[in-house]
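Small disclaimer: the values here were computed from a predicted structure and weren't measured. Within every chain, numbering begins at 1; the chains are lettered A, B, ... in the order of the sequence lines, protein sequences first and strands thereafter.
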Amino acid sequence: MSERLRGRIEDDDRGIGIPCILCLEKHGHEPVKEIRRRSVLRRKLRQSVEGSEGQRMTVDEENCSCQENQLPSICIAGYNTLMGEKRRCIAPEMISGRNSFMEKTRVRFAPSPTGALHIGGGHTALFNWLWARHTGGSFILRIEDTDMERSTKEFEDTIMSGLVWLGLDWDEGPDRGGDFGPYRQSERLHLYRKYAGQLVDEGLAYKEGDAVIFRVPQGKTLAFDDVVYGHIEMQSETLKDIVLMKSDGMPTYNYAVVVDDHCMAISHVIRGEDHISNTPKQLLLYDALRWERPVFAHLPMILGKDKKKLSKRHGATSIYEYRDMGYFPEAVFNFLGNLGWNAGDEKEIYTRDEAATLFDLARVTRKAAVFDMEKLNFINQEHLKRLDPDVRLSLVEPFWREEGLSVDAFDRRYLRDALTLMGGRGQTIRELAAYASYFLSFDVVRERYDGKDITEEQRGGLKEFFSALLSSPAWSTETLEAFTRNWADAKGIRIKDLAMPLRMAITGAKVSPGIFEVASLMGRDEVRKRLVGYDLLG
RNA sequence: GGUCCCAUAGUCCAGUGGCCUAGGACACGGCCCUUUCAAGGCUGUGACACGGGUUCGAAUCCCGUUGGGACCGCCA
């Protein structure tokens, strides 16, 4: 960053300076140290972003009483115009201490391999990924396996495949390496030992048993500016001394994150709101180690229907359970993305790429969000409708196979068209597969419909009609429908009285897509077979 | 208990002191379309937690109350 900006930032006791161009008050600019309110900071931030997007500031410059003091904007999540060049950067206004202004964005997802990837973890990973992709930065996967009791390699693998399933690819990680490895905490012990030793040597930490404990100084105000929650501060008195190294030789979470985030040059720490109260402890460690702090951005929690932290008793919590229920990655991604973020317009269905383009940390909400399955269903259905027919088929296939249907016996084009015909029917892939199963099997039809509702009196008329229908020369949706309409007109009956028995006989259900389309696609032979099966053909 | 965070319909979001008679979406109800069910179109019910204050003007700023949540581990 420029010396001028650095000076300005450090002049202020909070390490923040707001240039006059963002002055919104007609009576002159307020020193930022008085603008402690989160909402004001957020407004400034917003203003700045809008200004950059529109290539000019939205502030009414004529009414700004302090134009001569005007400095070009330092910007947030947008483009910096300070040096007269456009450059992506993060929010200096929101930064205390470290300024990653000119540096590449580096974010990380740091799960501990003590379980499968769950909804909350997926949400955090997603937001990190979005920010990395939005800023053109790096998304790093770090495995926090310092809990030797509960961590397993299996869970590590499951978590990784869960991320892959969601479409969240990482640039550095235990499986693919990177310049800041190793990416498993259990392999970085020398670092934790080194800095713990340094703190002990400096008298900032002490040993107790085999553990190393950091002495929390009294009377310090621990403050930071969170990108989403604003200014947060806490008094050091409220903290107990912090265990750095456990007696088993492993570092504790609060210590290891600090060492790793620093050593891996993480620019933004984006994690769940439940970590807000851990942050002051980490701040203390950054200061003790004389390291620059990353930017902190905490994310709202995801709650169950009872507004309690999402857990097993709320039903499915692992990402894989959703896959198995018939939800697919783009939809889960989309749904999770809508929890705590929106692009500022009314768009709520988007692809991964669209989300990455639109995403903005500054627009993340603070209120905890309730996980609503109904909404997930809807979003899944919307994506299902938009899916490429071949992709849709490949997604439905496994569910058909699971039901024991002989998928391979059919022409893929037929199956694909069958699914296309299903249109918006079904919210999950599993549902769609079940609804469309009659295209592949007459058995499923017989299982659910016995044909006993047809009276002998009706049967006569139907046999006559179906025989005529089956021997009509053309076999298309249009001809089938026209033929049926004409027949109904001629006999003075409702078309429904012909269409419904046909539907029941070939699909076994009262609901289906347009029955003439179904019959047309299924083919004359198959329709004949099914009508014969119900004794409806003369 | 201590500390911190949050507060717009049942749910997810919009809202940044006047464009608010509070907007969109899910869910729910009605109507249209129609061979059924979806989809689609139109439409209805439904919210600024409460109380003070600042202001000509408050969902929005301030204070308090209430409610909810998180964290206070040699778990992460």
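- Heavy atoms of Lys305(A) sit nowhere under 4.0 angstrom from any nucleic acid atom.
- One can find a donor-acceptor pair under 3.5 Å joining the base of rC37(B) and the side-chain atoms of Arg425(A).
- Taking atom OH of Tyr253(A) as the reference point, atom C1' of rC72(B) lies 15 Å away to the nearest angstrom.
- Mapping Ile213(A) and Gln427(A) onto RNA chain B via the closest heavy atom, the residue that lands nearer the 5' end is Gln427(A).
- If you measure from atom CG of Leu299(A) to atom P of rA70(B), you get 16 Å, rounded to the nearest angstrom.
- Base pairing analysis places rC37(B) opposite nothing; no Watson-Crick or G-U wobble pair with both distances below 3.5 Å involves it.
- Between Arg142(A) and rA76(B), a side-chain N or O to OP1/OP2 separation shorter than 4.0 Å is absent.
- For the pair Lys246(A) and rA76(B), the criterion of a side-chain N or O lying under 4.0 Å from OP1 or OP2 is met.
- Contact check, Lys309(A) against rC71(B): a side-chain N or O comes under 4.0 Å of OP1 or OP2.
- Relative to the side chain of Leu339(A), the nucleotides rC12(B), rA76(B), rA14(B) differ in distance, and rC12(B) lies closest.
- On the P atoms, rA25(B) is 40 Å away from rC4(B), given to the nearest whole Å.
- The side chain of Ile495(A) approaches rU35(B) more closely than any other nucleotide in the set rA76(B), rU3(B), rU35(B).
- Under 3.5 Å, the side chains of Arg271(A) and Thr279(A) contain a donor-acceptor pair of N or O atoms.
- Regarding Gln185(A), its CD atom lies at a distance of 9 Å from the C1' atom of rA76(B), rounded to whole Å.
- Looking at Lys375(A), its side chain comes within 3.5 Å of the base of rA25(B) through a donor and an acceptor atom.
- In this structure, Phe516(A) reaches the bases: a heavy-atom distance under 4.0 Å links it to at least one base atom across the strands shown.
- Residue Ile515(A) is in base contact, counting any heavy-atom pair closer than 4.0 Å across all strands shown.
- For rA59(B) and rC48(B), the C1' atoms lie 5 Å apart once the distance is rounded to whole Å.
- Side chains of Asp450(A) and Tyr534(A): no donor on one and acceptor on the other come within 3.5 Å.
- Using C1' as the reference atom, rC50(B) and rU43(B) are 34 Å apart when rounded to the nearest Å.
- Nucleotide rA76(B) holds its P atom 11 Å from the OH atom of Tyr192(A), rounded to whole Å.
- The pairing partner recorded for rG46(B) is none, the criterion being a Watson-Crick or G-U wobble arrangement whose two distances lie under 3.5 angstrom.
- Of the candidates rA76(B), rU36(B), rA39(B), rA76(B) carries the atom nearest the Asp147(A) side chain, counting heavy atoms from C-beta on.
- With C1' as the reference atom, rC61(B) and rG24(B) are 27 Å apart, rounded to whole Å.
- Nearest nucleotide to the Ala499(A) side chain, out of rC4(B), rU35(B), rC13(B): rU35(B).
- The listed nucleotides are rC5(B), rA76(B), rC13(B); the one nearest the side chain of Asn342(A) is rC13(B).
- Rounded to a whole Å, the OH atom of Tyr327(A) is 16 Å from the P atom of rC26(B).
- Listed pair Lys307(A) / rU11(B) meets the phosphate criterion, a side-chain N or O lying under 4.0 Å from OP1 or OP2.
- The distance between atom CZ of Arg366(A) and atom C1' of rA70(B), rounded to the nearest whole Å, is 17 Å.
- At a threshold of 4.0 angstrom between heavy atoms, the contacts of Thr484(A) with the nucleic acid are absent.
- The two atoms that bring Arg425(A) and Ser512(A) nearest to each other are NH1-O, 3.4 Å, heavy atoms only.
- Counting any heavy atom pair closer than 4.0 Å across all strands shown, Ala369(A) reaches sugar-phosphate atoms only and no base atom.
- Taking atom P on both nucleotides, rG51(B) is separated from rA9(B) by 16 Å, rounded to a whole Å.
- Of the candidates rA27(B), rG15(B), rG40(B), rG15(B) carries the atom nearest the Arg363(A) side chain, counting heavy atoms from C-beta on.
- If you check rC56(B) for Watson-Crick or wobble pairing at under 3.5 angstrom, you find it paired to rG18(B).
- Residues His383(A) and Gln381(A) bring no donor and acceptor atom of their side chains to less than 3.5 Å of each other.
- Here the separation of rU55(B) from rU60(B), taken at their P atoms, is 16 Å to the nearest Å.
- Checking each of Asp145(A), Asp261(A), Asp260(A) against Arg188(A) for a salt bridge (charged side-chain N to carboxylate O under 4.0 Å, His left out) leaves exactly one that passes, namely Asp260(A).
- A donor-acceptor contact closer than 3.5 angstrom is absent between the side chains of Tyr322(A) and Asn380(A).
- Whole-Å rounding puts the Trp341(A) CH2 to rA14(B) P distance at 11 Å.
- The shortest distance between the side-chain N/O atoms of Lys367(A) and the OP1/OP2 oxygens of rC13(B) is not below 4.0 Å.
- In the model, Tyr449(A) has a side-chain atom that pairs as donor or acceptor with a side-chain atom of Asp453(A) under 3.5 Å.
- Nucleotide rA25(B): paired with rU11(B) (Watson-Crick or G-U wobble, both distances less than 3.5 Å).
- Ranking rU11(B), rC74(B), rC4(B) by closeness to the Val243(A) side chain, first place goes to rC74(B).
- Across all strands, Gly514(A) comes closer than 4.0 Å to base atoms (heavy-atom distances).
- Spacing between rA76(B) and rG53(B) at atom C1', rounded to whole Å, works out to 44 Å.
- You won't find any donor-acceptor pair under 3.5 Å spanning the side chain of Ser512(A) and the base of rC37(B), going by distance alone.
- If you check every strand for non-hydrogen atoms under 4.0 Å, His298(A) touches nothing.
- OP1 or OP2 of rA76(B) sits under 4.0 Å from a side-chain N or O of Thr146(A).
- Between Asn338(A) and rC12(B) there is no side-chain N or O to OP1 or OP2 distance below 4.0 Å.
- Counting only N and O atoms by type, the side chains of Tyr206(A) and Asp241(A) include a donor and acceptor under 3.5 Å apart.
- Using a 4.0 Å cut-off, no side-chain N or O of Arg150(A) falls inside it from OP1 or OP2 of rA76(B).
- Nucleotides rU16(B) and rG23(B) place their C1' atoms 16 Å apart, quoted to the nearest Å.
- With respect to Asp372(A) and Lys305(A), a salt bridge is recorded, a charged nitrogen being found less than 4.0 Å from a carboxylate O.
- Sequence order on RNA chain B of the closest nucleotides to Met500(A) and Asp345(A) puts Asp345(A) first from the 5' end.
- Counting non-hydrogen atoms under 4.0 angstrom, Pro513(A) reaches a base of the nucleic acid.
- Nucleic acid contact for Lys385(A): sugar-phosphate only, since backbone atoms but no base atoms lie under 4.0 Å from a heavy atom of the residue.
- Side-chain contact between Ile143(A) and Arg184(A) is present, with at least one heavy-atom pair separated by less than 4.5 Å.
- Contact annotation for Thr238(A): backbone-only contact, meaning every heavy-atom pair under 4.0 Å involves sugar-phosphate atoms and none involves a base.
- If you check rG1(B) for Watson-Crick or wobble pairing at under 3.5 angstrom, you find it paired to rC72(B).
- Note: CG (Asn278(A)) to P (rC75(B)) measures 14 Å, nearest angstrom.
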